[in-house]
Amino acid sequence: MGRLFAIEIIYRGIFQKTLAKNISRAIVLAAHHEGKPGISFGRYGDSPERNGIPAKNFAIVATDEITLEEGMAKYEPKEVDITIAVDDTLCKGVESWAWYGLQPVNKLLKPNGTLIVTSLEQPQALVEMSHRKETPYELAVLKGTPSFSGLWVYKDDHTDVRILGAIARFLPDLFSLQSVQKVILDEWKDQIKAESAARTFERISATTVSPDQGNPEVPYKFDLPKWHEMGEGIAIPSIPAGKAVEDPTTHAEGGFRPDRNPTFKKFTTRTMRPVVNFDTCIKCTLCWLHCPDSCFDVTPEGLYDANMQACCGCGVCEAVCPVKDCVTMVNEAAFHDNASQWEMWRKDKEGYEAWLQQKIKEHPQRSHGFRYRGQYEEQVPEMLEIARQG
Ligand code: SF4
Ligand code: SF4
């Protein structure tokens with residue numbers, strides 16, 4: 001019986017689709033250079049992909065054909081040697097379009113396996129975002145801005161080859177740096193990319209995360225319905241039209257909170273969230289009208305509170321708000337809960353103002369991909385400089 005290797009790449013659907021595919025394909029090709037057969041594939045339940053929704057690719061490699069066949073007899077791997085998260089906000093959890101419920105980013109990692117995350121955050125910040133795990137694991141931060149692009153364009157900022165270099169470092173039995181570099185030269189024909197992989201291989205390091213570290217929240221659990229409990233179809237309850245709901249906190253009359261699906265939340269769909277300045281809001285209703293996910297709860301005084309159960313972080317509300325800095329999209333990594341901003345503002349207006357200013361100031365670079373012509377030409381050199389410095 002030979003050895004089976006499994007690697008998963010967790011990415012944001014559409015925006016990072018090509019990145020994930022490039023990484024998983026190159027893993028298999030590099031292993032082939034060492035005589036190991038392998039296969040790369042996307043998680044069936046994530047297709048068709050949706051903008052920003054967490055999705056997975058897998059690369060499975062074995063030391064021989066029989067072991068590979070045996071490994072592939074499973075629908076998808078139950079445990080992996082390495083988990084790669086190409087966007088650091090995925091550390092908060094993975095909630096796929098097919099809806100498995102919120103799953104910890106490190107759920108499939110074998111004991112002492114390695115989680116590689118692309119991020120400008122410190123390791124401790126990523127540990128705090130990630131759910132606790134019963135067994136220790138290694139966390140390695142690939143320093144860089146999470147690489148986002150669109151469906152038809154690819155942002156060639158070396159994230160792909162740097163991750164391959166990191167895999168060679170943390171799982172040397174899978175393949176060597178030399179095999180990675182051969183694939184880079186065969187596929188991309190780019191010596192500088194081969195050097196980027198080598199630089200990451202030499203410089204990246206990992207820290208051990210123990211079972212008592214991380215987010216103590218119990219991840220979402222559910223029981224699958226028995227066959228005799230299933231209806232003739234699966235229905236996701238829609239929002240009842242025109243149903244006003246009493247404010248659950250103040251029980252005040254007025255305002256409008258649409259009913260929302262009690263189970264499907266979008267906590268981990270977004271990479272940014274809107275921060276609203278209720279003191280400068282002119283109640284024009286544009287954010288409420290344009291939000292594609294009906295996120296805004298109308299408060300009794302006619303303000304608009306973006307509900308974090310529903311927000312996918314698209315940024316439309318920021319784009320349509322006519323008041324300067326009234327709605328600002330802020331990196332999701334800057335938040336530790338999903339509480340109502342309006343509740344915070346209502347209880348302590350001065351405290352809210354200070355909180356808001358601090359969130360806007362700490363506004364780490366974040367983008368949903370292709371926003372204007374020439375954007376990548378501006379961003380790629382910055383990323384390559386980060387890669388060069390290691
Ligand atoms: S970012 Fe704004 S417009 Fe987009 S889903 Fe969230 S609240 Fe709605
Ligand atoms: S778009 Fe801006 S000003 Fe208009 S209601 Fe929304 S937050 Fe207020």
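Any value given below was found using the heavy atoms of this structure, including those in side chains, with hydrogens, waters and symmetry copies removed. Whatever order the structure lists them in is the order used to number ligands and atoms, beginning at 1.
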Can you list the atoms of ligand 1 that are under 4.0 Å from a heavy atom of M329? 1 (S)
Looking at C317, which atoms of ligand 1 are within less than 4.0 Å of one of its heavy atoms? 1 (S), 2 (Fe), 3 (S), 7 (S)
Any cation-pi pair here, K92 with F267, using under 6.0 Å and within 45°? no
With backbone taken as N, CA, C and O and side chain as the heavy atoms from C-beta onward, which portion of C295 lies under 4.0 Å from ligand 1: side chain, backbone, both, or neither? side chain
Is Q103 reaching over with its side chain to a backbone N or O of V94, donor-acceptor style, under 3.5 angstrom? no
Below 2.8 Å, any N, O or S contact between C326 and atom 4 (Fe) of ligand 2? no
Atoms of ligand 1 under 4.0 Å from any heavy atom of F296, numbered from 1 in the order shown, are 7 (S)
Could you check whether atom NZ of K107 has more than 12 heavy atoms from other residues, nucleotides or ligands sitting under 6.0 Å from it? no
Within 45 degrees of the axis of the six-membered ring of W345 and under 6.0 Å from its centre: does K349 put its NZ or CZ there? yes
Under 4.0 Å from a heavy atom of P292: which atoms of ligand 1 are those, numbered in the order shown and with their elements? 3 (S)
Measure from atom 4 (Fe) of ligand 1 to every heavy atom in G315, G313, A319, C314 and give the option owning the shortest one. C314
Do R132 and D212 meet the salt-bridge criterion of a basic N to acidic O distance under 4.0 Å? no
Which ligand 2 atoms are under 4.0 Å away from a heavy-atom of C284? 1 (S), 3 (S), 4 (Fe), 5 (S)
Which residue supplies the protein heavy atom nearest to atom 8 (Fe) of ligand 1, what is that atom called, and how far is it? C291 SG, 2.3 Å
Test of understanding: clusters of I, L, V, M, F, W, Y form through side-chain heavy atoms closer than 4.5 Å, transitively. Do M308 and M272 belong to the same one? no
Determine, using heavy atoms of I282 and all atoms of ligand 2, whether some pair is separated by less than 4.0 Å. yes
Heavy-atom contacts under 4.0 Å between L303 and ligand 2: side chain, backbone, both, or neither? neither
Between the side chains of R25 and E187, is the shortest nitrogen-to-carboxylate-oxygen separation below 4.0 Å, so that they form an ion pair? yes
Among protein heavy atoms, which lies nearest atom 2 (Fe) of ligand 2, and at what distance? C321 SG, 2.3 Å
When you measure from the side chain of K266 to the backbone of A310, do you find a donor-acceptor pair of N or O atoms at a distance under 3.5 Å? yes
Indicate if the distance from atom 8 (Fe) of ligand 2 to the nearest N, O or S atom of C281 falls below 2.8 Å. yes
What atoms of ligand 2 come closer than 4.0 angstrom to any heavy atom of Y304? 5 (S)
Using a 4.0 Å cutoff against the non-hydrogen atoms of V327, which atoms of ligand 2 qualify? 7 (S)
Find out whether C291 and V316 are in side-chain contact, i.e. whether some heavy atom of one side chain is under 4.5 Å from a heavy atom of the other. no
Students should be able to answer this: which protein heavy-atom is nearest to atom 6 (Fe) of ligand 2, and at what distance? C287 SG, 2.3 Å
For T285, counting its heavy atoms only, list the atoms of ligand 2 lying under 4.0 Å from any of them. 4 (Fe), 5 (S)
Which atoms of ligand 1 are found less than 4.0 Å from any heavy atom of C312? 5 (S)
Pair E8, T83 - check side chain to side chain donor-acceptor pair (under 3.5 Å), show working. CA-CA 5 Å; E8 63 173 347; T83 293; 2.7 Å; yes
For T89, does its backbone N or O pair with a side-chain atom of R270 as donor and acceptor, under 3.5 Å? no
